[in-house]
Amino acid sequence: MSVLDLICYARTHSPFYQELYDGYDSSTPLSELPVVDQAAFWAANTVRDNQVLTRAHTDGLIFKTGGTTKAPRVSFYTNGEWDAMCRTYAETLPAAGLRHGDRVANLFAAGELYSSFIFALNALQHSPIDLVQLPVTGSAPVEFTLSTMQDFDATVVAGFPTTLCRLAAHVRSEAGSLPSVRLVLFSGEALYDDQRALLLEAFPGAEFRSFVYGSVDGGIIGTAVLGSDDPRVFRSFVDSSVLEIVDADTGEPITSAGRPGRLLQTDLTRRLQPMIRYPVGDLAEWVDVEDGIFRLLGRADEGARIGPVTLHLDHLRAAVDRAGITHNGVQVVIRRVDARDQLVLRIAGAAQEVSAVRAEVYRISPRFELQAGRGVVAPLAVEWVPALEVSPRTGKTVRLLDERPV
């Protein structure tokens, strides 16, 4: 589908896009259409009385994000859309380092409307090279995972970095190492040097590659670039989507390499739940504009990814308000502490009791509480400051600061 066809279809059949594009001519270029406001989009994309969908959802799949459960962000796919996405990605698997005859242990998250395990399973089934799958899931006991990989001579292991590191610690203590694993595929989180060191102890000599860059919201966004040693570099799917990088303050399209901006995606294959100029939540820069190659630079200000959990900034600020805290602003900070991601709520104002804040954060994201309890992520921290950090360019408060090493 062309960009123009998608825009016309969304404008005609989706009440949300009809309102968003009110006043814009049908020939308006994509770059001049408004960027989707995430809060408005998800307020309209509801389970009941949905204003984003273009028709009734009568076939396909429903997924939700791995972030909050009190107000989940739900994504709808038709069978055809899901199958097309998996097949499109499958063609890029050799670039991720997979080889004929590989035995792949799939440790992504399964169940509870999560998409990662099913996506990996379906994409690997459509691989252009012969593969054997070991559908283990990330929730399986590490003892089972290790024995399964040993019994069936797994050569590849794929999952979230936190899941892979939990397995690696068990491998190191119980088996020493698994030298048969030659490729570690990660997705959903960044892979840090401290994690890489642990994984190398368990899987000596293994190569580390990104499985895919994408989300349940936006679908597949980028794939590994063959020959690149930088796991942050991806190639966009130029035949099935339009990727834009725009200035974070002005929204001006960026068409030169090396200049950071917000990443926007337009998926040309999804008609049921159109995603047009949708902010995926990351900062990026072009490496090669003509070939659609870009480098991720960290999170933008829509959501904070803490280990395997996404917490949306509006929900975190609302949690502080519901806790009865008197303040002059809230800033979300992500740090790396004791080899774990840590969520820090920086609050402008006098120090107050934080137990209610912690309780409200756990209320909006029981999954974050669970991962903190397991030690997968560091405990929530609260900082009290006289004033929040602002952008030197605009003077606006910076909503999210990612202080983790690049």
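- The closest side-chain heavy-atom distance from Val309 to Arg305 is not below 4.5 Å.
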- Before giving the answer on salt bridge (charged side-chain N to carboxylate O under 4.0 Å, His left out), spell out for Asp288 and Arg235 the whole-Å C-alpha distance, their side-chain angles and the decisive distance to 0.1 Å. CA-CA 9 Å; Asp288 188 321; Arg235 185 187 304 276; over 6 Å; no
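- For the pair Phe234/Ile293, no side-chain contact is recorded, criterion being any heavy-atom separation below 4.5 Å from C-beta on.
- Aromatic pair Trp42/Phe16: ring centres not closer than 6.0 Å.
- Listed for the Thr162 side chain is no donor-acceptor partner under 3.5 Å among the backbone atoms of Gly307.
- Atom-to-atom distance recorded for Ile118:CD1 and Thr137:OG1 is 11.5 Å, nearest 0.5 angstrom.
- Between the OG1 atom of Thr266 and the CG atom of Leu30 there is a distance of 4.5 Å, given to the nearest 0.5 Å.
- A donor-acceptor pair shorter than 3.5 Å can be found between the side chains of Arg73 and Gln38.
- Between Tyr9 and His13, the ring-plane angle classifies as tilted under the 30° and 60° cut-offs.
- Between Asp193 and Pro405 the shortest side-chain heavy-atom distance does not fall below 4.5 Å.
- In this structure, the side chains of Thr269 and Phe237 stay at 4.5 Å or more apart for every pair of heavy atoms.
- Checking Asp321 against His327 by side-chain atom types alone, a donor-acceptor pair falls below 3.5 Å.
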- Can you list the steps and then say if Leu316 with Leu343 is a side chain to side chain contact (heavy atoms under 4.5 Å, CB included)? CA-CA 10 Å; Leu316 289 172; Leu343 170 65; 4.2 Å; yes
- Given the rule in the side chain to side chain contact (heavy atoms under 4.5 Å, CB included) test, do Gln265 and Glu244 qualify, once you have shown the distances and angles that lead to the verdict? CA-CA 6 Å; Gln265 186 192 26; Glu244 300 174 84; over 6 Å; no
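- Side chain of Asp338 to main chain of Arg340: no donor-acceptor pair is present (N/O by atom type, distance under 3.5 Å, no hydrogens or angles).
- Taking the charged nitrogens against the carboxylate oxygens, Glu81 and Arg271 have no contact shorter than 4.0 Å, which rules out a salt bridge.
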- Criterion salt bridge (charged side-chain N to carboxylate O under 4.0 Å, His left out) on Asp59 and Arg55, from CA distance to verdict: CA-CA 11 Å; Asp59 74 293; Arg55 65 168 176 84; 3.3 Å; yes
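- Checked against Phe76 for a side chain to side chain contact (heavy atoms under 4.5 Å, CB included), the options Val52, Ile62, Leu61 give a single hit: Ile62.
- In this structure, CG in Asn50 is found 8.0 Å from OG in Ser14, a value given to the nearest 0.5 Å.
- Between Leu268 and Val3, the closest side-chain pair of non-hydrogen atoms falls below 4.5 Å.
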- Task: Would you check, one step at a time, whether the test side chain to side chain contact (heavy atoms under 4.5 Å, CB included) holds for Arg399 with Val332?
- Result: CA-CA 6 Å; Arg399 289 160 48 104; Val332 177; over 6 Å; no
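- Counting only distance, with no hydrogens or angles, the side chain of Thr145 and the backbone of Pro141 share a donor-acceptor pair below 3.5 Å.
- Here CZ of Arg11 is found 12.5 Å from OH of Tyr17. Values are rounded to the nearest 0.5 Å.
- Salt-bridge formation is not detected for the pair Arg335/Asp402: no Lys NZ or Arg NE/NH1/NH2 atom is positioned less than 4.0 Å from an Asp or Glu carboxylate oxygen.
- The structure places CG of Leu178 at 11.5 Å from OG1 of Thr155, a figure rounded to the nearest 0.5 Å.
- Under the 4.5 Å side-chain criterion, counting only non-hydrogen atoms from C-beta, Phe294 is not in contact with Val233.
- Residues forming a ring-ring contact (aromatic ring centres under 6.0 Å, His included) with Tyr362 (at least two apart in sequence, or on another chain): none.
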- Message: Leu183 vs Arg99, test: side chain to side chain contact (heavy atoms under 4.5 Å, CB included). Steps then yes/no.
- Response: CA-CA 10 Å; Leu183 180 63; Arg99 300 175 186 166; over 6 Å; no
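- More than 12 heavy atoms of other shown residues, nucleotides or ligands fall within 6.0 angstrom of atom CD in Glu201.
- Of the possible donor and acceptor atoms, none in the side chain of Thr163 sits under 3.5 Å from a partner among the backbone N and O of Gly159.
- Annotation: the span from Leu264 atom CG to Ser31 atom OG amounts to 10.5 Å, rounded to 0.5 Å.
- At least one donor-acceptor pair under 3.5 Å links the side chain of Ser365 to the backbone N or O of Phe368.
- With hydrogens and angles ignored, the 3.5 Å screen pairs a side-chain donor or acceptor of Ser236 with a backbone N or O of Gly292.
- Between Tyr77 and Phe63, the two ring planes are perpendicular [angle over 60°; tilted spans 30° to 60°].
- Counted within 6.0 Å of CD on Glu143, heavy atoms from surrounding residues, nucleotides or ligands total more than 12; the atom is thus considered enclosed.
- Between Arg232 and Glu285 there is no salt bridge, since none of the side-chain N atoms of the basic residue sits less than 4.0 Å from a carboxylate O of the acidic one.
- Within 6.0 Å of CG on Asp151 lie more than 12 heavy atoms contributed by other residues, nucleotides or ligands.
- Nearest approach of Ile276 to Ile7, heavy atoms of both residues: CD1-CA, 4.3 Å.
- Formation of a donor-acceptor pair under 3.5 Å by the Arg322 side chain with backbone atoms of Val357 is not found in this model.
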Donor-acceptor pairs are to be reported for all side-chain atoms of residues 104-113 against protein atoms at under 3.5 Å, with residues two or more places apart or in another chain.
residue: Asn106; atom: OD1; partner: Phe108; partner atom: N; Å: 3.1
residue: Asn106; atom: ND2; partner: Phe117; partner atom: O; Å: 3.3

- Full working for side chain to side chain donor-acceptor pair (under 3.5 Å) between Ser215 and Asp217: CA-CA 5 Å; Ser215 68; Asp217 304 344; 4.8 Å; no
- Query: Stepwise, does the salt bridge (charged side-chain N to carboxylate O under 4.0 Å, His left out) test hold for Asp83 with Arg87?
  - Reply: CA-CA 6 Å; Asp83 184 66; Arg87 288 179 182 273; 2.8 Å; yes
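- Applying the side-chain hydrogen bond (donor to acceptor under 3.5 Å, both in side chains) rule to pairs touching residues 342-358 yields Gln331-Arg346, Arg346-Glu383, Glu353-Ser355, sequence neighbours excluded.
- Taking the six-membered ring where the residue is Trp, the centroids of Tyr278 and Phe41 are separated by under 6.0 Å.
- A pairwise comparison of heavy atoms in Pro279 and Val35 identifies CG-CG1, 3.8 Å as the closest pair.
- Within a 6.0 Å radius of CG in Asn79, more than 12 heavy atoms belonging to other residues, nucleotides or ligands are found.
- Between the side chains of Ser228 and Asp230, no donor N or O sits under 3.5 Å from an acceptor N or O.
- You'll find the side chain of Val184 stays beyond 4.5 Å of the side chain of Arg209, heavy atoms only.
- In this structure, Arg196 and Leu191 have side chains that are in contact, with non-hydrogen atoms separated by less than 4.5 Å.
- For Trp286 (side chain) and Ile254 (main-chain N/O), a donor-acceptor pair under 3.5 Å exists by modelled atom type.
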